[in-house]
There are 2 protein chains.
Amino acid sequence: MQMQVVNSLKAHGLKVTPQRVTILSAIEKKGHANIDEIYKEAKTTNPTMSLATVYKNITSLIETKLLKEVAINNQKSKYELSKEPHSHLICKECGSLEDIDSNNLFTLNNDKIDFDIEEVELNIYGVCNKCKDKGTSKN
Amino acid sequence: MQMQVVNSLKAHGLKVTPQRVTILSAIEKKGHANIDEIYKEAKTTNPTMSLATVYKNITSLIETKLLKEVAINNQKSKYELSKEPHSHLICKECGSLEDIDSNNLFTLNNDKIDFDIEEVELNIYGVCNKCKDKGTSKN
DNA sequence: GATATAATTAATAAAAATTATTATTTAGGA
DNA sequence: TCCTAAATAATAATTTTTATTAATTATATC
Ligand SMILES: [Mn+2]
Ligand SMILES: [Mn+2]
Ligand SMILES: [Zn+2]
Ligand SMILES: [Zn+2]
C-alpha cells in the first residue's frame with residue numbers, strides 16, 4: 001500500500017482506512033482535483049466508495065493540513081496534497097491549473113502590512129500554451 | 001439614481017433595470033459580498049427582488065467585466081466592482097476580506113513564465129487585527 | 001490472536017445552493 | 001406611443017453539500 005500516504009495519515013493522527021488511502025492517492029495522481037474528479041478517480045480503485053465519504057474526508061484532511069484547498073474563480077475548488085508554498089497558473093479557457101515555483105517568481109514587500117500572515121497565495125490567470133496554440137476552447 | 005452605476009451599465013451595453021442598479025449599489029456599499037449578502041442588502045431597497053435575479057445578474061455582470069469574483073478558501077465566493085488591480089487580506093478567523101494596494105506590495109518577476117498572463121491575484125490569508133486583539137473567533 | 005470500543009463508512013435522507021422554466025412585465029429603440 | 005427582445009418574479013428542477021443511522025472496521029489493550 002502507498003506507504004507514503006499511510007505514514008502521512010498516521011503522522012497526522014488519522015486512522016488509516018482504505019478510503020482515505022484511496023482518496024489521497026487519487027489526489028496525488030491528479031495533482032489537483034475537485035470533489036467530482038476525486039470521487040471518480042477513487043471509484044476506479046474502490047467502487048463502493050460513497051460520495052459522502054469523500055466530502056467528509058476532504059474536510060478532515062484539510063483540517064489536519066494534509067490537504068490544501070485551492071479556490072478558483074468560476075470553478076469548483078480543487079484540492080492538492082500539502083507541499084512547499086507555490087503559485088498556480090490557471091487557464092481561463094480550459095480551466096487547467098498547474099503549479100509554478102514561487103521562488104524567484106515574486107518578492108513580497110510586506111514591511112508595512114499590519115496583519116498576521118499565515119499564507120500567501122498567488123494565482124495567475126490567463127491562457128495556457130495548449131489553448132494559445134489551439135486557439136479553441138475546452139480540451 | 002446612482003448615476004455612477006447607471007452609466008457603468010450603459011457603458012457595458014446592459015439594460016438599466018432597477019434590479020441591476022440595486023445589486024451594484026449593494027455591492028458598492030459592502031465593498032465585497034457573497035450572493036446571500038448581496039441578496040439581503042438588495043432586498044432592503046427592493047423587497048420583491050428574486051434570488052434567481054441576483055444569480056443571473058451576477059453572472060452577466062461578471063461576463064461584462066463589471067464585477068469580479070473573488071474565490072476564497074473555505075467561504076462562498078465574494079464579488080466586487082471591477083477596479084484597479086489590488087490584493088486581498090483574508091482573515092481565517094472571521095472570514096473578513098479587505099483590499100490592499102498591490103503597488104509596492106510585491107514585485108512579479110515574470111521573465112520566464114511562458115503563459116499569457118491576464119490577471120494576477122494575490123490573496124494573503126492570516127488573522128486580522130480585530131481577531132488578533134479579541135483572541136476569539138467569529139465577529 | 002481475540003476483544004472492546006470509538007471512529008469510520010455506505011446508504012440514504014435532508015438541506016442548501018444553483019440553474020431552468022414560464023408567464024408577465026419592462027427598458028429602450030423606432 | 002408602440003413594439004419587441006430582454007429581464008423579472010415565481011416556481012420547479014437540478015445539483016451540491018451536509019446530516020442521520022445502522023453496520024463495519026481500525027486500533028488499542030489484553
Ligand atoms: Mn498546487
Ligand atoms: Mn477587492
Ligand atoms: Zn488552457
Ligand atoms: Zn478576523
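Here is how names work: the chains are called A, B, and so on, in the same order as the sequence lines, proteins then strands, and each is numbered from 1.
Within 6.0 Å of NZ on Lys76(A) lie more than 12 heavy atoms contributed by other residues, nucleotides or ligands. For CG of Asn74(B), the number of neighbouring non-hydrogen atoms (other residues, nucleotides, ligands) closer than 6.0 Å is 12 at most. At most 12 non-hydrogen atoms from other residues, nucleotides or ligands lie less than 6.0 angstrom from CG of Asn104(A).
Contact record, Asp99(A) with Lys83(A): OD2-NZ, 2.7 Å, taken as the closest heavy-atom pair.
Two residues are said to be in side-chain contact when any heavy atoms from C-beta on lie closer than 4.5 Å; Ile58(B) and Ile27(B) meet this criterion.
The line from OH of Tyr39(A) to CG of Asn34(A) is 13.5 Å long, rounded to the nearest 0.5 Å.
Side-chain proximity of Tyr55(A) to dT16(D), dA9(D), dA17(C): nearest is dT16(D). When distances run from any side-chain atom of Ser50(B) to the nucleotides dT16(D), dA9(D), dA10(C), the shortest one goes to dA9(D).
At whole-Å resolution of the value, NZ in Lys76(B) and C1' in dT15(D) are 13 Å apart. One atom, CD of Glu37(A), and another, C1' of dT16(D), lie 15 Å apart when rounded to the nearest Å. Between the CD atom of Gln75(A) and the P atom of dT18(C) there is a distance of 16 Å, given to the nearest Å. Rounded to whole Å, atom C1' of dA17(C) lies 11 Å from atom OH of Tyr79(B). Counting to the nearest Å, the P atom of dT19(C) and the CD atom of Glu63(B) are 11 Å from each other. Rounded to an integer number of Å, the gap from CZ of Arg20(B) to P of dT26(C) is 15 Å.
Taking the screw axis at each terminus of the helix from dG1(C)-dC30(D) to dA30(C)-dT1(D) from five consecutive base pairs, the angle between the two is 50° to within rounding of 10 degrees.
Checking Glu80(B) against His86(B) by side-chain atom types alone, a donor-acceptor pair falls below 3.5 Å. With 3.5 Å as the limit, one finds no donor-acceptor pair spanning the side chains of Asn7(B) and Lys10(B). Side chains of Thr107(A) and Thr107(B): a donor-acceptor N/O pair is absent below 3.5 angstrom, by distance only.
Phosphate contact (OP1/OP2 of dT8(D), side-chain N/O of Asn57(B), threshold under 4.0 Å): present. For Thr53(B), no side-chain nitrogen or oxygen approaches OP1 or OP2 of dT8(D) to under 4.0 Å.
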Which letter, B, S or -, goes with each nucleotide of nucleotides 21-30 of chain D from 5' to 3', with contact meaning a protein heavy atom under 4.0 Å?
-> -----BS---
